[in-house]
Every structure is written in C-alpha cells, then in structure tokens.
Amino acid sequence: MNYFKFFEKFILKAIKRVAQDSEVFIDLAMHSFSVERPKDPKHGDISTNVAMILAKQFKMKPIDLAELIVPELVSSKYIVEANLAGPGFINIQISTKFWKERLRDILLINTKFGNSNIGSGRKINVEYVSANPTGPMHVGHGRGAVVGDVLSKVLEKSGFEVTKEYYINDAGNQVNILAHSVYFRYCELNGKSMGVIPEEYYQGSYLIDLAEELQKRDGNRWLDLTQEEWLPPIQGFAIKSMMQLISKDLNSLGVFPDVFRSEKEIIQTGMVDAVMSTLADQNLIYEGTLDPPKGRENQDWESNPQTLFLSTKYGDDIDRAIKKTDGSWTYFASDMAYHLDKYQRGFNRMINIWGFDHGGYVKRMTAAVSALTRGDAMLDVKLCQLVNLIRDGQQIKMSKRSGTFLTLGEVIREVGRDAFRFFMLTRKNDAPLDFDLTKVLEESKDNPVYYIQYSHARGKSVLRRASEIFDDSKLVPEMLAEVELDLLDDPLEINLIKIMASWPRVLEDTANSHEPHRIAYFLIDMASAFHNLWTKGARQAAQLRFISIENEELTMARLAMVQSYLIVVASALEVMGITPLNEMR
RNA sequence: GGCCCCGUAGCUCAGCUGGAUAGAGCAUUGGAUUUCUAAUCCAAGGGUCGCAGGUUCGAAUCCUGCCGGGGUCGCCA
C-alpha cells in the first residue's frame, strides 16, 4: 500500500464533506494537491497543500479553509493530530497504530509488498543495450543494460506487462566492415600476405580469435572466392558469434532480454518499404535538400536532393534523410519500421535506453513514433551518460589501439555482478558516472554495496541468534505478524518502520518517472536507519538491543521489525538484480 | 551556429515532477568498543542552489536570455 495515496483519498473525502457543508461545488477531477512527507519531521508525517490549492474554488482564504478541513481529518483513527502551519499547510501526525499495521503488511505480503497495479496490465516495451554486433561491449553498454533491466523489473512489479528487447543492428555498413575485418584476419591466418590492416577495419584481437574459429570450422574454403560469395556467409558467421559474445556478457550481468529483433529481418521482410509508402500516402515524405550545418567546417558538403521525412511537423528541428545516395535505407528509416513493428505487436508505450551520444537522435525518433501511430503511442528515451573507469584514483583511458580497452565482461569478472549493478544506479542516468574499480570492492561504509549488504547480514545474524533461543517456527514472518507490536516506540524504531512503509511509494515513483536510481538511494537511506538502531542498541542504550532475554514480548516485536527489514531490503535488492548476503565473513 | 544534457557545501552527488529553515556521503574536528559482526554509529563546522529577469501565495525545481562544461549535427549505427 502506498500510504500517501491512502491519505490522499482520505483527505479528498474530507474535502467533499466540507464542500457539502458549505454548499460549494468543487471540481475534484482537477485536484492536483500534494500529499508528501515534509523535510522537517516537526511538521508531522505527511503534509498537504490542499487548502492552498482549493482556496480559490471555495472563495476562502487558505487558512480559513484549512480550519474547516482539520476537524474532518482528526476523525480518522489513523490521524492523531492535524494542524495548520505556514501559509496554509495542513500537517498530519499519523498514529503509531497505522505504522504497526504496515509492519504487519510487510510480514504477510512479504516480497510482494510494494507491488501495485498502476500499469493495469498494459504492455510496455523496454529496448536497451542494442550494442552493435561488431565487438565486445564496454561498461557504457553495461550501464544501459542495468538501467533497462532494473526499470523493467520495477514496471513488472507495478503491474505492467513488460517485454525486454534488444535490437540487433545487423544491417548496413558497420557489419559489412565487420565481415571484411574478419575476412582479412582469416586470409592472414591462411598465409595470404595482406599488408597492414586498413584503418577503417575493426582492429581488435577478438577478430583474430573469430577468424581462427572460422578456419577451424571451414578450413580454407572461403579463400579464393569472390566477395559476393564469401561476404554473406562470413558476415552471418561473424554477427552470430558476436551476438553470442554479447549475450554471454549480458547473462553474466544477470540480463536476459525477452526478444532479440533483427534489423536485417525487418528490412528483408519489406517492412521498411511498407512504412515508407504509408508515410508517402500521408505526404510526410518528399525530395528536398538540407542546409549544411552552420558554424563548423564542411568543405565536403554537397547540396544534393535527397528523400526526407517531414519530422519538423512533429517537433523535430529539421527534416531527416531516409535514403542514402546508393538507394538503400538509412538507419533511421529501418528504425522507424522497427518502432512501428513494436506498435503493431501491441506496445503503445515504449522506453528506449540509449547512449548519450545518440541524444541528437531523440527528437526524430519521437517524431517518427507520433507520425507512425498517429499519436497513439508514446516513446520515452532515456539517455545514459558516460562511465569513467577509475583505478587507484586514476582514470583509465580507453583506447582500442593501445590495448587499454577494458570490456564489460572483464570488468564484471573483476568486481562481480552485484557490485557492478549497484554502482550503475548510484547516479541518475543522465549524469556521468565515475566507476572506481578499487572502491567498488572496498569493505567500508564508503561503499554503499557493502553498507547495505552488511546491514542485511546483521539482520540475519540477529535472527540466527534468536533461533538459538526461540523455536524457529515462531520466527517466520507469518507468525511474527501476530505478535504485539505496540512495544516498539523508540523514535529510531518508528523511523525505520516509516522508511520501510514508504517502499511502495518509491516503487511507484520509479515506475512513473522511469528513474531506477531511486531504488539505490532508498536502500542507502533504509540501511542507514537500520545501522543507527543497531549501534544505539549495541552501545548507547542496551534496552534497544533487539534481543533481550528477560522480555520475550518486546523481543518478539523487535524480531518482527528485523524480519520486515530483511524482507524489504531483499525485495529492493531483488529489483536491482542483486543477491542479498546472509553473512559477510 | 542549431539542438540535447549538466552547473547545488572544499570534493562526489541527492533533492520525492512547485512547498516551509536546501540534504547525504567523503574530507576536517571531537566522541562511542565488557557486541545480536566497530566492515558500524553520534556530534560540530561548512551554501549568493552558475548569473539576470519572468510566472505566483511560494522557485534549486517551470519559462526566457546570458555565462561555463559535455555531447551531437546529410547518405555511421
């Protein structure tokens, strides 16, 4: 249960009663008041600006309206106090009874606590990574993979029917170069003198490995053929191998796309042609010339007429080319077809996770989606900023030539899946991220992964200790849900419970904003509240220790809280794709 | 030159889609160890939220214009 929504509904009812009493008609469909947690705890648990927002409709001063609302609120058994403050805020103190009930919710609903139905079963497509199958992925791809994967899990928990999708760019120039690069290495292996590898070819040694594999499989049968003969099969072989490599790395990250969609297939089945003729029917395609970009050197610019899509009609800055001079479709053209393909598969909500260098591409794609679906589908593009790799305080300069290129697979093998996933979400996606290979494995509170895992291990350790004293059957969540919880009354305890109770809200906000980093920050907050309590009990106030032999009732209440904590941490970690640790040794 | 993103404490960054006295970690200083794991905790100092206007009861948040940093700019994907 999202408790903010719960009280929002309650406030709404109170408003209705006040409106009735004062014979005012108010338009509640338009309500947009806030119900939030004030920064200052002195202002209560929740605070609403409803009186300020609706004052005009009531033709009253905010404060006068608030005074009418307050008595209505206090009638709830869950509200112990409501008072007005400042220019017309209503600050509400929620009863401890309410928080104790949330604790029971957690114990009974377990890891499904926080699940909601805001998606109401609607389909949504999350396209992520989509790295070109021309080489191994780097950490930047890993960031996109984690962002997309965690977002997908959040959306699933929020009642959407999610499809995780990877678009394979297996058509066009880059995969041609790939084929040539492999063939070059293949010829070298077979003793043909090839000279220096051309600069535009992919240089990486992984292609030598690939060529060796090819030779092992086929011997020298491709050697003396024409390009027309060798290119298609070798290209197919190379793409397939690269995709295996990429999938393997994704899997080791815990990322498993549901669908791999091939660009080549989309082109070959004629979807692009079909889409373009539809657009032509709508007069959205024309022959024209583009102006050269201003302010930079373009000595090679030739103003040729070309086939353009009228993306300016849908908010783009200029119209965009859809055909190359050789007559083939541009990447944009096939990407339009691909997005229509998604729409036709039933997705009118799409999220794309892209690298930051594709920022200039967003407007034309959202324009294309509105044109192709006549405004029925919406596309949200999330751009992930660069990841800077750092070791021992020094930035690792990535250069494919000098061989200081660290692939995603290598980094995951070094730091582990869980740490990598967590750190990828310690920044919002559009901020650059420093990834420090040394710090990630550091065992201290500077390292949020350890901080959180340690708190979980501590909780587990309490339960292990408890099971030496009590019967195990008493310690399972369902049984702990039955214990008397009123004995939990320390501010630190209530604070922890409040944070745990806000988990559903965090999930909802994340699902609505498409910002998975919020989960990471929530976990840090919650772990901090737990450590506070722990340390205080262990050192400053022995009466706060979770287990006190002489008071079984109190101990059971606290074990219920610890068990709840473990449940919420575990489910937040689960969403992040991270395995909670039971002990740190 | 056009477009997109960023600018918040000495450093790295949050800031709940417009709320009250702007937060956290690191660093600095001073404290807590007969423990359910000190791999933790507590306290203190530290700010013209890049600048200037605008919108309104109210702006770090929305709009406009500058300044600074990054990205990107026809037939690469």
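Chain naming here is simple, since letters A, B, ... match the order of the sequence lines and numbering starts at 1 in each. What you are looking at is a predicted structure, and each value in this text was computed from that prediction instead of being measured.
In this structure, A:K294 does not reach the B:C3 phosphate: none of its side-chain N or O atoms is under 4.0 Å from OP1 or OP2. Using a 4.0 Å cut-off, some side-chain N or O of A:R427 falls inside it from OP1 or OP2 of B:C13. Not one side-chain nitrogen or oxygen of A:Y450 sits closer than 4.0 Å to the OP1 or OP2 atom of B:G25. Between A:N532 and B:C42 there is a side-chain N or O to OP1 or OP2 distance below 4.0 Å. Taking side-chain N and O atoms only, A:K39 has no distance below 4.0 Å to OP1 or OP2 of B:G23. Side-chain N/O atoms of A:H517 include one lying less than 4.0 angstrom from OP1 or OP2 on B:G15.
In RNA chain B, runs of at least 3 consecutive Watson-Crick or G-U pairs, each pair with both distances below 3.5 Å, span B:1-7 with B:67-73, B:10-13 with B:23-26, B:28-32 with B:40-44, B:50-54 with B:62-66.
Side chain A:Q306 to base B:C75: no donor-acceptor pair is found below 3.5 Å. Between the side chain of A:N49 and the base of B:G19, at least one donor-acceptor pair of N or O atoms lies under 3.5 Å. No hydrogens or angles were tested; on distance alone, a donor-acceptor pair under 3.5 Å links the side chain of A:S47 to the base of B:A20.
In terms of position on RNA chain B, the residue among A:K428 and A:G359 whose nearest nucleotide sits closer to the 5' end is A:G359. Judged by closest nucleotide on RNA chain B, A:K439 is the one of A:K439 and A:Q174 placed further toward the 5' end.
Out of B:G74, B:C3, B:G19, the shortest distance to the side chain of A:M52 is found at B:G19.
In this structure, A:R320 reaches neither bases nor backbone, as no heavy-atom distance under 4.0 Å exists between it and the strands shown. Using a 4.0 Å heavy-atom distance criterion, A:Y361 is classed as a base contact. Counting any heavy atom pair closer than 4.0 Å across all strands shown, A:N447 reaches no nucleic acid atom. The residue A:A85 sits close to a base: some heavy atom pair falls under 4.0 Å. Looking at heavy-atom distances under 4.0 Å, A:P448 makes no contact with the nucleic acid at all. Heavy atoms of A:E302 sit under 4.0 angstrom from at least one base atom. Contact annotation for A:R464: no contact, since no heavy-atom pair falls under 4.0 Å across all strands. As judged by a 4.0 angstrom heavy-atom cut-off over every strand, A:N91 is placed among the base-contacting residues.
None of A:I267, A:I322, A:D335 except one satisfies the side-chain contact (heavy atoms from CB on, under 4.5 Å) rule with A:V272; the exception is A:I267. A:Y338 pairs in a ring-ring contact (aromatic ring centres under 6.0 Å, His included) with only one of the listed residues (A:Y167, A:Y331, A:F332, A:Y166), which is A:Y167. Here the options are A:N447, A:V146, A:V440, A:L523, the test is side-chain contact (heavy atoms from CB on, under 4.5 Å), and the partner is A:F422; only A:L523 passes.
Residues that satisfy the side-chain hydrogen bond (donor to acceptor under 3.5 Å, both in side chains) test with A:S564, not counting sequence neighbours, are absent from this structure.
Taking the syn range as angles within 90° of 0, the glycosidic angle of B:U12 is outside it, so the base is anti.
With hydrogens and angles left out, the side-chain atoms of A:E8 and A:Y3 include no donor and acceptor closer than 3.5 Å. A:E81 and A:N83 form a side-chain donor-acceptor contact under 3.5 Å, judged by distance and modelled atom types alone. The closest side-chain donor-acceptor pair between A:E263 and A:S334 falls under 3.5 angstrom.
The closest side-chain heavy-atom distance from A:F423 to A:V449 is below 4.5 Å.
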